[in-house]
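Report on the following structure.
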2 protein chains.
Amino acid sequence: MSRDAQECGVNVVIGLIGSKWKPSILWRLAEGDHRFAELRRGVSGISEKVLAEQLRELERDALVSRTAYEGFPLRVDYALTPLGEELNDLLDPVAQWGDAYLADKALEAPGG
Amino acid sequence: MSRDAQECGVNVVIGLIGSKWKPSILWRLAEGDHRFAELRRGVSGISEKVLAEQLRELERDALVSRTAYEGFPLRVDYALTPLGEELNDLLDPVAQWGDAYLADKALEAPGG
DNA sequence: ACCAGTACGCACAATCATGTGGGTACTGAC
DNA sequence: GTCAGTACCCACATGATTGTGCGTACTGGT
């Protein structure tokens, strides 16, 4: 069981962010959107239910932190934790590779 | 549509390897297992159907190459393409981070 | 009172990913 | 002929992930 492929860290990271919306949410957070509604608008066609769920999972996984202000019109701030920032940082080259991969594919299959 | 979070490369990569078995298959391939049966034994409790499917998807995505030998007892070789090697390489630090993350969690929740 | 906005939750449905249990075509050992 | 092994595919079932629609508690504007 020592270092079976199943145990490789990539699986861990995929378990953390390998969902349809999490990478997007993480990027948004990194770019400055912090309120629930901002995220909702920024991310896409994500529904409130799913956004709330993903946020909660991210929180449980210590990738983002939630701060609720007792203030007036309900206000909650989400932010990347140091861990989340680390991961986001780490994923940067991966994102670039993915981008390049896509560009490469576009050349091969110019069906548009 | 320019650089929406949805378009970020991480999503591309997750689309490529964000499944239960692909990271493991990729690792196996990188470590020297190349035959179908080797992969089957090396990866885990993966079923032949799923392994064949994943391999086919990996092939379609140009991450692995398939070579069938007309020879005797059916023989097929799978190998990482340069693209696949690149990705594998790129994922190495991610795997390390995932590993560290896991270790960290183990400290926080010593429930075993 | 009524409309709008914020940050969610809950029930239910559809979709996608995986798993199970078969089967195929071929060859070698016994 | 029968068992074993290689490299798969197919039909079906389950389970996890996502989506849809509706509801809540609270406040501001008119």
Side-chain angles (χ1 to χ4, degrees), chain A residues 4-6 8 10-26 28-29 32-61 63-79, chain B residues 4-6 8 10-26 28-29 32-61 63-79:
Chain A
D4 270 336
Q6 279 70 28
C8 102
V10 174
N11 277 325
V12 176
V13 174
I14 288 188
L16 254 28
I17 61 161
S19 77
K20 187 170 181 181
W21 305 104
K22 280 184 189 154
S24 308
I25 295 174
L26 256 17
R28 279 292 150 194
L29 248 15
D33 287 337
H34 297 301
R35 316 272 135 34
F36 185 87
E38 278 180 334
L39 256 11
R40 175 170 136 89
R41 279 188 291 268
V43 162
S44 66
I46 193 174
S47 71
E48 300 185 324
K49 190 206 78 163
V50 175
L51 178 54
E53 273 177 11
Q54 304 294 304
L55 248 13
R56 215 158 316 263
E57 288 179 18
L58 254 14
E59 221 199 315
R60 154 198 272 161
D61 293 336
L63 259 27
V64 322
S65 61
R66 194 186 105 114
T67 312
Y69 297 93
E70 296 280 324
F72 276 154
L74 259 274
R75 182 186 157 179
V76 179
D77 257 39
Y78 290 95
Chain B
D4 269 336
Q6 280 69 29
C8 102
V10 175
N11 276 325
V12 176
V13 174
I14 287 189
L16 254 29
I17 60 158
S19 75
K20 186 169 179 183
W21 305 104
K22 280 183 189 153
S24 308
I25 295 174
L26 256 18
R28 279 292 151 194
L29 248 16
D33 287 338
H34 297 302
R35 316 272 136 34
F36 185 86
E38 277 180 335
L39 255 13
R40 175 169 136 89
R41 280 189 291 266
V43 161
S44 64
I46 193 175
S47 70
E48 300 185 324
K49 191 206 78 163
V50 175
L51 178 54
E53 271 176 13
Q54 304 293 304
L55 248 12
R56 214 156 313 263
E57 287 179 18
L58 255 12
E59 220 198 316
R60 153 197 273 159
D61 293 334
L63 259 26
V64 321
S65 61
R66 194 186 105 115
T67 312
Y69 297 92
E70 296 280 324
F72 277 155
L74 258 276
R75 181 188 158 175
V76 180
D77 257 40
Y78 291 94

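Naming convention: chains lettered A, B, ... in sequence-line order (proteins, then strands); numbering from 1 in each chain. Model, not experiment: these values are computed from the prediction.
Contacts of B:Lys22 classified as salt bridge (Lys or Arg N to Asp or Glu O under 4.0 Å), with partners at least two apart in sequence or in another chain: B:Glu57. Residues that satisfy the side chain to side chain contact (heavy atoms under 4.5 Å, CB included) test with B:Ile14, not counting sequence neighbours, are A:Ile17, A:Pro23, B:Val10. A:Arg35 is linked by a salt bridge (Lys or Arg N to Asp or Glu O under 4.0 Å) to A:Glu38, A:Asp77, counting only residues two or more places apart in sequence or in another chain. Residues satisfying the salt bridge (Lys or Arg N to Asp or Glu O under 4.0 Å) test with A:Glu48, not counting sequence neighbours, are A:Arg40.
Taking the screw axis at each terminus of the helix from C:dA1-D:dT30 to C:dC30-D:dG1 from five consecutive base pairs, the angle between the two is 10° to within rounding of 10 degrees.
Listed pair B:Trp21 / C:dA17 fails the phosphate criterion, with no side-chain N or O lying under 4.0 Å from OP1 or OP2. Between D:dC8 and B:Arg75, no contact under 4.0 Å exists linking OP1 or OP2 to a side-chain N or O. At D:dG5, none of the side-chain N or O atoms of B:Arg41 fall inside 4.0 Å of OP1 or OP2 (strictly under the cut-off). The side chain of A:Arg66 contributes an N or O atom lying less than 4.0 Å from OP1 or OP2 of C:dC8. At the phosphate of D:dC8, OP1 or OP2 sits under 4.0 Å from a side-chain N or O atom of B:Tyr78. Proximity of A:Gln54 to the phosphate of D:dT18: a side-chain N or O atom is located under 4.0 Å from OP1 or OP2.
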Could you write out each protein N or O paired with an N or O of nucleotides 9-12 of chain C at a distance under 3.5 Å?
unit_1, atom_1, unit_2, atom_2, d
C:dG9, OP1, A:Arg56, NH1, 3.2
C:dG9, OP2, A:Arg56, NH2, 2.7

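Nearest nucleotide to the A:Lys20 side chain, out of D:dG19, C:dT20, C:dT6: D:dG19. Of the candidate nucleotides C:dC8, D:dT18, D:dA7, D:dT18 has the atom nearest to the side chain of A:Val50.
Under the 4.5 Å side-chain criterion, counting only non-hydrogen atoms from C-beta, A:Val76 is in contact with A:Arg66.
Residue contacts for A:Glu38: at a heavy-atom cut-off of 4.0 Å it reaches no nucleic acid atom on any strand shown.
Across all non-hydrogen atoms, the minimal contact from A:Ser19 to A:Gln54 is OG-OE1, 3.0 Å.
Rounded to whole angstrom, the span from the CD atom of B:Glu57 across to the P atom of D:dC9 amounts to 12 Å. One atom, CZ of A:Arg40, and another, C1' of C:dA4, lie 13 Å apart when rounded to the nearest Å.
Of the inter-residue distances, the one linking A:His34 atom NE2 with A:Arg75 atom CZ reads 10.0 Å to the nearest 0.5 angstrom.
Residue A:Tyr78 is tested with A:Ile25, A:Leu58, A:Leu29 for a side-chain contact (heavy atoms from CB on, under 4.5 Å); the sole match is A:Leu29.
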